[in-house]
Amino acid sequence: MGDQGNQSIESSTAHRYTAELAGELETRWQRVWDERQSFRQPNPGEDGFDASRPKYFCMDMFPYPSGAGLHVGHPEGYTATDIISRYKRMNGFNVLHPMGWDAFGLPAEQYAIQTGVHPEITTKKAIDNFRRQLQRFGFSYDWSREFGTIDQDYYKWTQWIFLKIYHSWFDPEANGGVGCARAIDELIEEFKGGKRPVKLNPAAAEYAGAGDLPGGTDAGTWDALDRETKKAIVDSYRLAYLSQQTVNWCPMLGTALANEEVIDGRSERGGHPVLRKPLRQWMFRITAYADRLLTGLADVDWPKSTKTQQAEWIGRSVGAEIDFPILEGGVPMGEALRVFTTRPDTIFGATYMVVAPEHPLVEYALDMPTPETDESKLREYVQTTRNRSDVERMENKEKTGVFTGLYVANPVTNDPIPVWTADYVLMGYGTGAIMAVPGQDQRDWDFAKAFDLPIVRTVTPPDDFDGEAYTGDGVAMNSRFLDGLEIEPAKRKIIQWLGEHHVGARKVNYKLRDWLFSRQRYWGEPFPIVFDERGDHHAVSEQTLPVTLPPLTDYEPEVSDDPQPLLAKAIDWVNTTAGDAGVEGMDPGAPVKRETNTMPGWAGSCWYYLRYCDPKNPDRLVGEDAEAYWMGDNGVDLYIGGNEHAVLHLLYARFWHMVMHDLGIVRTREPFGKLFHQGMITSFAYQRSDKSLVPIDQVENRGTDEKPEFIETATGEAVQSITAKMSKSLKNVINPDDVIAEYGADTFRLYEMYMGPLEATKPWNTRDIVGLFRLMQRIWRLCVDEATGKLHFAESADEAVEKQLHRMIAKVGSDIEKLGFNTAIAAVFEFVNLAKSLTRDQMDRFVRTIAPFVPHAAEEIYSKLGNTQSITHADWPSFDEAMLVDDEVEIPVQVMGKLRSKIFVAPDADNKTMEAAALADERIRELIEGKTVRKIVVVPGRLVNIVAN
RNA sequence: GCCGGAGUGGCGGAAUCGGUAGACGCGGCGGAUUCAAAAUCCGCUGGGGUAACACCCUUGGGGGUUCGAGUCCCCCCUCCGGUACCA
């Protein structure tokens, strides 16, 4: 001891677990795993595939590889899936754990506009950087399955699926009334053979509310029809169709956006204003699947909130469609105004009608004005509302509207009802027309008050009701044959009446609209579609795929009110021939123009899970055996990603999957059996009293850690510490590379998993990381002699340590299954707190237990133990149930429900023994002295409560 | 407004079924080691109260059910997420 100089002190810690040591061993093992292809998972039929093992398909939502690189939010979910994947491998599963890149999209293109560098170059660079960063975490991805949505042999199949959808229609009668997708050729055969009445698809959204009401008009015999009519009819059935319609046009982004991409009248990306503008666009008839998308939610293990969000987005509501005959000079002129209502029982209170400004009846009123029509006022109103952006609509909810001069007859009373137009009625929902019942609807009430229209109550409000419109329960009044009925029976009775008089019927309506699928940007999948000289669309043949994206010289979108898609600039590419484009059934020399729209970013993410199953397959989007094996009965076994995709991506992917299911391409009904959302990682920031935020480098703490006083340096004002999203402007962004450099990847992984429940939003607290680094040091020291770097062992197994080891193995295993990683790590802490040294055998089990969390350190110790195989495929340690039970347990004793003492009994002690022990306790005897014991509650192995007073 | 979720020490959080509230970590305090510091290790740490016990209070607030409530029921408050004239 005495001669221990500085030198020997240094050498006594030469093999301490430091950031340098962590960095060295982590990168070393990452190289080894890469060389040995430790995480490669063969497919059925390939060498090394073990068919006796069960499968586990564990998947992350793949990232958009932005130029900024990984942020700390990415590795949160990725660490979770990595732990699960490693745990499952150790439990004998074949694990499919892939990673890829969602690489088409706006940011790379915006960057290309600024710099002129092709998006493909910047995107590939960003991918390389992402891959490097992810590999530094030691994630056990099977990198041999990696692909990006921009790869030609991937988007070839994205285009292929588009064609499948394009060549399909939805038969609502098929599949026992559930409805399913069928080939469009079968539809044409049925038309030809007279098996199906030839008419426009009654469910086609692009015809709803148009002048000629669909549904009714029979077009006659197929062969007698001209080419245009045939085409219009077939297109009205296609699941992918072109539609001239009002879209959300974002001039700054130079593209149309889906409803879901518009938030409060601004673009989700960038927050630019969005206008409504008519454009010809590709649409998916997702509304045909509304019911199946809704009912399918019952079959998947998803967070309740996500199911609710999807259900509300689909927005099923049951009501009735009712025809109100249009009057001309007070008599019906033969046509009717059709409305949808959820409250047909209130029809006697319909004092006016409202149609959307885009409704054809408004056009009709302008063409055929009545003496009461104020033409100029009406025309002006339609113009203003059309140009009114969504932002303005949001800001001003005052009711506006104009009387059209038209009247319809109430089909129940024959009374004339004035028809108004107002922008509070939306063309996109129902029929774009309503019967207004101000007595029972607050919006109608507000409108009626604003324009002095009559109000009739048809449901009796309670005596103490002093509100305006009454929407609650009650019996019908002022409603002739409905009077006295509660709402539900009244609805049934009126629907029956309407049916009998052929003026209405029960109808289910959905909020869900068809999916706007084209964008006017460059960096996306081209459509496999060309147009002939007449403007008719033709599919490119499957053999010609992929239709590759042509290079452009500039990517600048034109800021224009009459925008052309960027691809229109690729003139040589656009103008081709049917033969070169690969269109079958056309004269090969016929000139055609390619579709210049591109697909939206969602396209590639709609089916990537399938490609992971068989990423290199040149003949099929996924081989049948691979799909059958990996997708199994319930699809992806665990899918982890942010809840910002609760509706968009997850709904679209389900829709594609359902179509592919119907067409026999995939087996499962749903793509993602179990879904989980990791929470957001926030950061600390400071807030002034006016709620504005202050960057963290402009604030200092002039108090203590325990009683902090945060002061804005520049002003001396007190500011409050809050949690906020990480953002460059607040300077509170944490860079994962820095954290790994300071502590190593294992510590980083532990910290993110220990912060709190995976699903919770949690603040990043730099101060807390050191606790997990200390855990790594203690784990290391428990196994490795810091002076020599060699393992050191206990000579014999300590009984308490052995017991705790069994407990830890049991707890960590069950917590991983529950995704309870924070409590699993707490169990590791408890073990390390107790264990001072381990036998060789204990150490072996210990490192196998922590391997899913800290794979590098575990692998290092495991190899020092003499194992030549990677810990990746080691067995998960077993535990003995008997070791989880104590010889003696501490039992709280309560008197009147308050804890008063503790006794020690055998864990399986019976009630009598426990009761006796409790009553024998000195403290308890004192407390119940002189009182009457009314009752003694004994919970075996748990507690004793004595009721005495 | 409507629909989800949450509110527990100075902080992050734990608490399978209604059964010892605060596991575990951070921070703090005390100690060991050191010439000293960092690092590391050990102990204490919800609040009040006491010399120490005892005891009292405590899971956003108020009521209730129960032998017993962080957990179940009713009402209210706050925060986060989603959605928004959807007839």
Side-chain angles (χ1 to χ4, degrees), chain A residues 9 13 16 18 263-264 303-309 311-313 315 317 319 339-343 346 354 393-394 397 399 422-426 428-437 440-444 446-447 509-513 643-644 646-647 677 679-680 682 684 704-708 721-723 750-751 754-757 759-772 774-775 777-778 781 786 814 818 820 822-823 825-830 833 890-902 923 934-939 941-948:
Chain A
I9 288 174
T13 57
R16 172 165 288 183
T18 59
I263 295 163
D264 292 340
K304 199 179 142 200
S305 63
T306 306
K307 289 190 183 189
T308 309
Q309 277 184 58
E312 282 177 1
W313 190 263
S317 62
V339 302
F340 172 73
T341 177
T342 54
R343 293 296 302 276
T346 63
V354 187
R393 280 176 79 108
M394 296 291 170
K397 289 191 178 177
K399 294 285 182 290
D423 67 356
Y424 84 91
V425 171
L426 310 173
Y429 183 78
T431 61
I434 61 158
M435 63 175 205
V437 188
Q440 267 71 235
D441 185 290
Q442 189 60 41
R443 295 156 301 182
D444 297 344
D446 293 341
F447 191 84
N509 227 318
Y510 299 91
K511 268 202 278 194
L512 184 71
R513 320 262 175 93
N643 64 2
E644 66 271 22
V647 178
H677 300 302
M680 205 190 2
T682 56
F684 288 106
T704 59
D705 273 332
E706 200 141 331
K707 281 213 170 94
S721 171
I722 56 150
T723 60
L750 279 180
Y751 173 62
Y754 192 65
M755 289 172 80
E759 67 274 23
T761 300
K762 308 161 283 271
W764 181 280
N765 195 347
T766 304
R767 201 176 66 181
D768 289 347
I769 304 170
V770 69
L772 286 306
R774 280 180 203 150
L775 176 62
Q777 292 186 311
R778 296 172 66 188
R781 198 180 306 123
E786 291 189 339
S814 66
K818 286 186 291 198
N822 54 335
T823 49
I825 294 167
V828 177
F829 266 112
E830 284 182 279
N833 284 343
E890 186 188 75
I891 299 288
V893 181
Q894 299 179 337
V895 176
M896 300 299 285
K898 291 197 176 200
L899 178 69
R900 293 300 179 198
S901 187
K902 287 165 186 175
R923 174 101 193 89
R934 310 267 169 204
K935 187 176 173 184
I936 299 179
V937 183
V938 180
V939 184
R942 274 297 198 178
L943 67 38
V944 180
N945 185 14
I946 298 163
V947 187

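Numbered from 1 within each chain, the chains take letters A, B, ... in sequence-line order.
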Between A/Pro763 and A/Phe684 the two heavy atoms that sit nearest each other are CB-CZ, 3.9 Å
Just compare B/G19, B/G81, B/G12 and give me whichever is closest to any side-chain atom of A/Pro763.
B/G12
OG1/A/Thr682 to CH2/A/Trp764 distance, rounded to the nearest 0.5 angstrom?
11.5 Å
Using only side-chain N and O atoms of A/Lys762, determine if any of them is under 4.0 Å from OP1 or OP2 of B/G12.
no
If you look at every strand shown and take non-hydrogen atoms under 4.0 Å, does A/Pro303 touch a base, only sugar-phosphate, or nothing?
nothing
The glycosidic conformation of B/C76, counting syn as within 90° of 0 and anti otherwise, is anti
Without decimals, in angstroms, what is the distance between A/Arg942 CZ and B/U20 P?
6 Å
Taking atom C1' in both B/A21 and B/U8, compute the distance separating them and give it to the nearest angstrom.
8 Å
Look at the side chain of A/Arg781 and the backbone N and O of A/Arg16, then say whether any donor-acceptor pair between them is shorter than 3.5 Å.
no
From CA spacing to verdict: side chain to side chain contact (heavy atoms under 4.5 Å, CB included), A/Gln309, A/Asn643:
CA-CA 10 Å; A/Gln309 277 184 58; A/Asn643 64 2; 5.6 Å; no
B/A84 and B/C79: how far apart are their P atoms, nearest whole angstrom?
22 Å
Minimum heavy-atom separation for A/Asn765 and A/Tyr751, please, with both atom names.
N-OH, 2.9 Å
Here the distance between atom C1' of B/A87 and atom CZ of A/Phe340, to the nearest Å, is 8 Å
Would you compute the distance between atom NZ of A/Lys762 and atom CE of A/Met680 and round it to the nearest 0.5 angstrom?
10.0 Å
Take atom P in B/C53 and the same atom in B/U45, then report the distance between them in whole Å.
11 Å
Every protein N/O within reach of nucleotides 43-54 of chain B N/O, cut-off under 3.5 Å:
| from | atom 1 | to | atom 2 | distance (Å) |
| --- | --- | --- | --- | --- |
| B/A54 | O3' | A/Arg923 | NH2 | 3.0 |

Inter-nucleotide P distance (B/C24, B/A15), Å rounded
13 Å
Mind checking the CZ-CG spacing from A/Arg343 to A/Asp444? Nearest 0.5 Å is all I need.
11.5 Å
Please give, in whole Å, the distance from B/G12 P to A/Trp764 CH2?
16 Å
Listed partners of A/Phe447 passing ring pair (Phe, Tyr, Trp, His ring centres under 6.0 Å), at least two apart:
A/Tyr352, A/Trp420, A/Tyr424, A/Phe451
How is A/Arg781 classified with respect to the nucleic acid when contacts are heavy atoms under 4.0 Å: base, sugar-phosphate, or nothing?
sugar-phosphate
Taking B/G60 as the reference, what is the distance to B/C77 when you measure between their C1' atoms (whole Å, please)?
7 Å
Every protein N/O within reach of nucleotides 22-26 of chain B N/O, cut-off under 3.5 Å:
| from | atom 1 | to | atom 2 | distance (Å) |
| --- | --- | --- | --- | --- |
| B/A23 | O2' | A/Glu830 | OE2 | 3.3 |
| B/C24 | O2' | A/Tyr754 | OH | 2.6 |
| B/C24 | O2 | A/Tyr754 | OH | 2.5 |
| B/G25 | OP1 | A/Asn833 | ND2 | 3.2 |
| B/G25 | O4' | A/Tyr754 | OH | 2.9 |
| B/C26 | OP1 | A/Arg774 | NH1 | 2.6 |
| B/C26 | O2' | A/Arg767 | NE | 3.2 |
| B/C26 | O2' | A/Asp768 | OD1 | 2.7 |

Can A/Tyr754 and A/Thr823 be said to form a side chain to side chain contact (heavy atoms under 4.5 Å, CB included), step by step?
CA-CA 8 Å; A/Tyr754 192 65; A/Thr823 49; over 6 Å; no
Any idea which heavy atoms bring A/Met896 and A/Asn945 closest together, and the distance?
N-OD1, 3.5 Å
Considering all heavy atoms, the nearest A/Pro892-A/Leu899 contact:
CB-CD1, 3.4 Å
At under 4.0 Å between heavy atoms, what does A/Val947 touch on the DNA or RNA strands: base, sugar-phosphate, or nothing?
sugar-phosphate
Looking at every strand, decide which applies to A/Lys818 at a 4.0 Å heavy-atom threshold: base, sugar-phosphate, or nothing.
base
Over all atoms of both residues, closest heavy-atom pair of A/Val893 and A/Ile946:
CG1-CD1, 4.3 Å
Touch class at under 4.0 angstrom, heavy-atom based, for A/Ser317 against every strand present
sugar-phosphate
In whole Å, measure the gap between the P atoms of B/C56 and B/G43 for me.
31 Å
Reckon A/Gln777 touches a base, only the sugar-phosphate, or nothing at all at heavy-atom distances under 4.0 Å?
sugar-phosphate
Which protein N or O atoms sit under 3.5 Å from an N or O of nucleotides 3-7 of chain B?
| from | atom 1 | to | atom 2 | distance (Å) |
| --- | --- | --- | --- | --- |
| B/C3 | O2' | A/Glu312 | OE2 | 3.0 |
| B/G5 | OP1 | A/Lys304 | NZ | 3.4 |

Give the rounded distance in Å between these two atoms: CD1 of A/Ile891 and P of B/G19.
14 Å
Less than 6.0 angstrom separating the ring centers of A/Tyr429 and A/Tyr510, yes or no?
no
Stems field, RNA chain B, Watson-Crick or wobble, 3.5 Å, at least 3 pairs, by first number, holds B:1-7 with B:77-83, B:10-12 with B:24-26, B:27-32 with B:40-45, B:46-48 with B:55-57, B:60-64 with B:72-76
Does B/C57 have its OP1 or OP2 closer than 4.0 Å to a side-chain nitrogen or oxygen of A/Lys898?
yes
Rounded to whole angstrom, note down the C1' distance from B/G19 over to B/A32.
41 Å
Measure the shortest side-chain to side-chain distance between A/Leu775 and A/Ile825 over non-hydrogen atoms and say whether it is less than 4.5 angstrom.
yes
Torsion-based syn/anti label for B/G9, 90° from 0 as limit
syn
Could you tell me how far apart A/Leu426 (CG) and B/A84 (P) are, to the nearest whole angstrom?
11 Å
In Å, rounded to the nearest 0.5 Å, how long is the span from CZ of A/Arg900 to CD of A/Gln894?
9.5 Å
Are side-chain heavy atoms of A/Ile936 and A/Val944 found at a separation under 4.5 Å?
yes
Taken to the nearest whole Å, CD/A/Gln894 to C1'/B/U66 is 12 Å
Straight-line distance of A/Lys511 NZ to A/Ser317 OG, nearest 0.5 Å
8.5 Å
Rounded C1' spacing from B/G10 to B/C80 in Å:
23 Å
Of the candidates B/A84, B/G82, B/U20, the side chain of A/Gln309 sits closest to B/G82
Calculate the interatomic distance between A/Tyr429 atom OH and B/A84 atom P; express it in whole Å.
14 Å
Shortest non-hydrogen contact from A/Ala436 to A/Val354?
CB-CG2, 4.3 Å
What nitrogen or oxygen pairs link the protein and nucleotides 32-34 of chain B at under 3.5 Å?
none

From CG of A/Leu899 across to P of B/U20 the rounded distance in Å is 9 Å
Give, for atom CG of A/Asn833 and atom CZ of A/Arg778, the distance between the pair rounded to the nearest 0.5 Å.
4.5 Å
